[in-house]
Amino acid sequence: MTLLDIKMIREHPEIVKKNLKMRGDIEKLQMLDDLINHDRRWRELLTRANELRHERRKVTNEIAALKKAGKRVEHQIEKGRKLEVEINASEKLVKRYRQEANDILMKLPNLLREDVPVGKDENDNVDLKVWKKPPNFSFKPRNHLEIAKGLDMIDDERGAKVAGHGFFYLKGNLALLDLSLQRFAIDFMLKKGYTLIEPPSMLRRKPYEGVTDLADFENVMYKIENEDLYMIATSEHPLAAMFMNEVLLKSNLPIKLVGVSSCFRKEVGAHGKYTRGLFRMHQFNKVEQFIFCPPEDSWRLHEELQQNAEELYKKLGVHYKVVLLCSGDTGMVQAKTYDINIWMADGVYREAGSNSNCTDYQARRLNIRYREKEGQAPKGFVHTINNTALATSRAMLSILEQHQQSDGSVIIPKALVKYMDGIEKLDPH
RNA sequence: GCGGGGUUGCCCUAGCCUGGUAGGGGGCAGGCCUGCUAAGCCUGUGGUCCAUCGGGCCGCGCGGGUUCGAAUCCCGCACCCCGCGCCA
């Protein structure tokens, strides 16, 4: 299981080096050198081990032949025994070096696409476009938590009492709004021809290592005690892992999926980030777009997913910006990422969704390949692309904050009314 | 959760008891021959390492063990099928 192609690293280490520098992963440059050394040593040891195994094969064949002829074989068995000891020692070394090389390989990030701007952190991200103007309130806008409480739609204190900070009871129309947003996004994606998937809410470690950054096991995923199971942080993960170790037929590609699930995140290291109300919860619901496709189609489809997500926000009448993440802010798994940032009542734009082409990174780690035609050998790894359709928590807060009225009521976007049992306005009374 | 059966290359399947070069069929690819509504024949088929030709190693669900030698024997795990149990 490799994340970057080891052959490519051997032949063009400078590409990987440049990529690490762009990402600001300076500490990984040493890892790369170690990897190259381990890989070289591994190949030397492997060659030696293979020679020994070849010797053994000759001896065992000799034994078989001599036995058939009814001759004595003590001498050959003794030789074989000695060889076996050498082979064991040799194989142990080979395994160790391969394992160490692989461990490093698993920690190296995906190669960024050429058009990703170089930058250090989110401050260097590039605004690409803006839709609508920010709301211009004649009163001081409240944040969504104040609004939701005013409408008696949320109970954060009891959520914290039973599960801790970051968990909530959504009540009445807010719970209904959550479900409405899910159904709205799903219907929209179904019309676009995507297949609806309700995936497992937990994954084993092996598939999980394929879809995500290893650091996420510390910082993001909840682990089930005494089980090899992790709560999913997004349906992207079980969707990506769905075809692990499979070879897909090219004529069946692209596979376009829309996943719906609850998402669970520990949010370790959220210090200093905006954590109010619905913005950063330990549990939220999300409708997700996901595509498996041949390598040559992924950049076109990446743009298609972007259009889909923007259409959804437009239908909700929500003001947003599209941002291209810079090299330093792009995740390890991703080659290029667009975020949709929504305007919030404090005047700050915050991420509502994220659209990433992971190229062959996930597919390589999950061993998802494709073949040109039935009966042929696999041709290569597929590309995977994922994009939030709607994270209901953030869509809800954008609706509450952007569509709020001076009296504490909230206008429901027209597109949602039919899913809200005809409710057009959330009223305090 | 318990008992039984199973997992072999791109696909299907034989081999497992009784350890000794993984056989057959299909698909696909290339080549040959050529036509009578039929086709037939040959070669190849995954990963990886060294290399100039070429050669080697690995690969029988995964991981260990026994053995000169493991698809085959032993142990652990995963998944699938059948039956039983439990259950929204």
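Convention: sequence-line order gives letters A, B, ...; per-chain numbering from 1. Keep in mind that the numbers below use all heavy atoms, side chains included, and drop hydrogens, waters and symmetry copies.
M396(A) has its side chain within reach of L174(A): a pair of non-hydrogen atoms, C-beta onward, lies under 4.5 Å apart.
Contact check on D115(A) versus R113(A) returns a salt bridge, with a Lys/Arg side-chain nitrogen under 4.0 Å from an Asp/Glu carboxylate oxygen. The residues D360(A) and R364(A) are annotated as salt-bridged, a charged nitrogen and a carboxylate oxygen being separated by less than 4.0 angstrom. With respect to the salt-bridge test (charged N to carboxylate O, under 4.0 angstrom), the residues E44(A) and R48(A) do not qualify. Salt bridge R350(A)/E122(A): absent, no basic N to carboxylate O contact under 4.0 Å.
In this structure, rU48(B) and rG56(B) make a Watson-Crick or G-U wobble pair, each of the two defining distances being under 3.5 angstrom. In this structure, rG61(B) forms a base pair with rC77(B), meeting either the Watson-Crick or the G-U wobble geometry with both donor-acceptor distances under 3.5 Å. With a cut-off of 3.5 Å on both pairing distances, rG35(B) has no Watson-Crick or G-U wobble partner at all. Pairing partner, rG1(B): rC84(B), with both Watson-Crick or wobble hydrogen-bond distances short of 3.5 Å.
The same atom, C1', is picked in rU43(B) and in rC33(B); the two are 15 Å apart, to the nearest Å. A gap of 14 Å separates the P atoms of rG44(B) and rG54(B), to the nearest Å. For the P atoms, the distance from rG26(B) to rC80(B) is 32 Å, rounded to whole Å. Distance noted for atom P between rC50(B) and rC32(B): 35 Å (whole Å). Annotation: rG9(B) and rC84(B) have their C1' atoms spaced 37 Å apart (nearest Å). Rounded to a whole angstrom, the distance from the C1' atom of rU66(B) to that of rC75(B) is 11 Å. Spacing between rG64(B) and rA51(B) at atom P, rounded to whole Å, works out to 29 Å. Rounded to whole Å, the separation between the P atoms of rA71(B) and rG23(B) comes to 13 Å.
Regarding E74(A), its CD atom lies at a distance of 16 Å from the C1' atom of rG69(B), rounded to whole Å. One atom, NZ of K7(A), and another, C1' of rG47(B), lie 9 Å apart when rounded to the nearest Å. To the nearest angstrom, P of rC80(B) lies 15 Å from CG of N245(A). Atom CG of N88(A) and atom P of rC68(B) are 12 Å apart (whole Å). Put simply, CD1 on I6(A) is 15 Å from C1' on rG47(B), counting in whole angstrom units. Rounded to whole angstrom, the span from the CD atom of E372(A) across to the P atom of rC10(B) amounts to 17 Å. The distance between atom CD of E246(A) and atom P of rC10(B), rounded to the nearest whole Å, is 14 Å. Atom P of nucleotide rC50(B) and atom CZ of R53(A) are separated by 14 Å, given to the nearest angstrom.
Two residues, K92(A) and W42(A), neighbour RNA chain B, and the one matched to the more 5' nucleotide by heavy-atom proximity is W42(A). Remark on RNA chain B: of its neighbouring residues R371(A) and E78(A), the 5'-side contact belongs to R371(A), judged by nearest-heavy-atom nucleotide.
Checked against the 6.0 Å centroid threshold, F264(A) and Y222(A) do not count as a close aromatic pair.
For rC58(B), the OP1/OP2 oxygens have a side-chain nitrogen or oxygen of R57(A) closer than 4.0 Å. At rC57(B), one or more side-chain N or O atoms of H54(A) fall inside 4.0 Å of OP1 or OP2 (strictly under the cut-off). At least one side-chain nitrogen or oxygen of R204(A) sits closer than 4.0 Å to the OP1 or OP2 atom of rC79(B). In terms of phosphate contacts, R56(A) brings no side-chain nitrogen or oxygen within less than 4.0 Å of OP1 or OP2 of rU67(B). In terms of phosphate contacts, R81(A) brings a side-chain nitrogen or oxygen within less than 4.0 Å of OP1 or OP2 of rC68(B). In this model, the phosphate group of rG56(B) is not approached by any side-chain N or O of K58(A) to a distance below 4.0 Å at OP1 or OP2. Side-chain N/O atoms of K67(A) include none lying less than 4.0 angstrom from OP1 or OP2 on rG20(B).
Between the R158(A) side chain and the Y169(A) main chain, no donor and acceptor come within less than 3.5 Å of each other.
In this structure, I63(A) reaches the bases: a heavy-atom distance under 4.0 Å links it to at least one base atom across the strands shown. R10(A) comes within 4.0 angstrom of the backbone, heavy atoms only, and of no base. Among the heavy atoms of the strands lying under 4.0 Å from E374(A) are primed sugar atoms or P, OP1, OP2 only; no base atom is included.
Comparing rC57(B), rC68(B), rC50(B) against the side chain of T47(A) picks out rC50(B) as the nearest. Side-chain proximity of N50(A) to the nucleotides rC28(B), rC57(B), rG64(B) is greatest for rC57(B). Closest to the side chain of I77(A), from the set rC28(B), rC68(B), rG69(B), is rC68(B).
Within a 6.0 Å radius of CD in E27(A), other residues, nucleotides and ligands contribute more than 12 heavy atoms.
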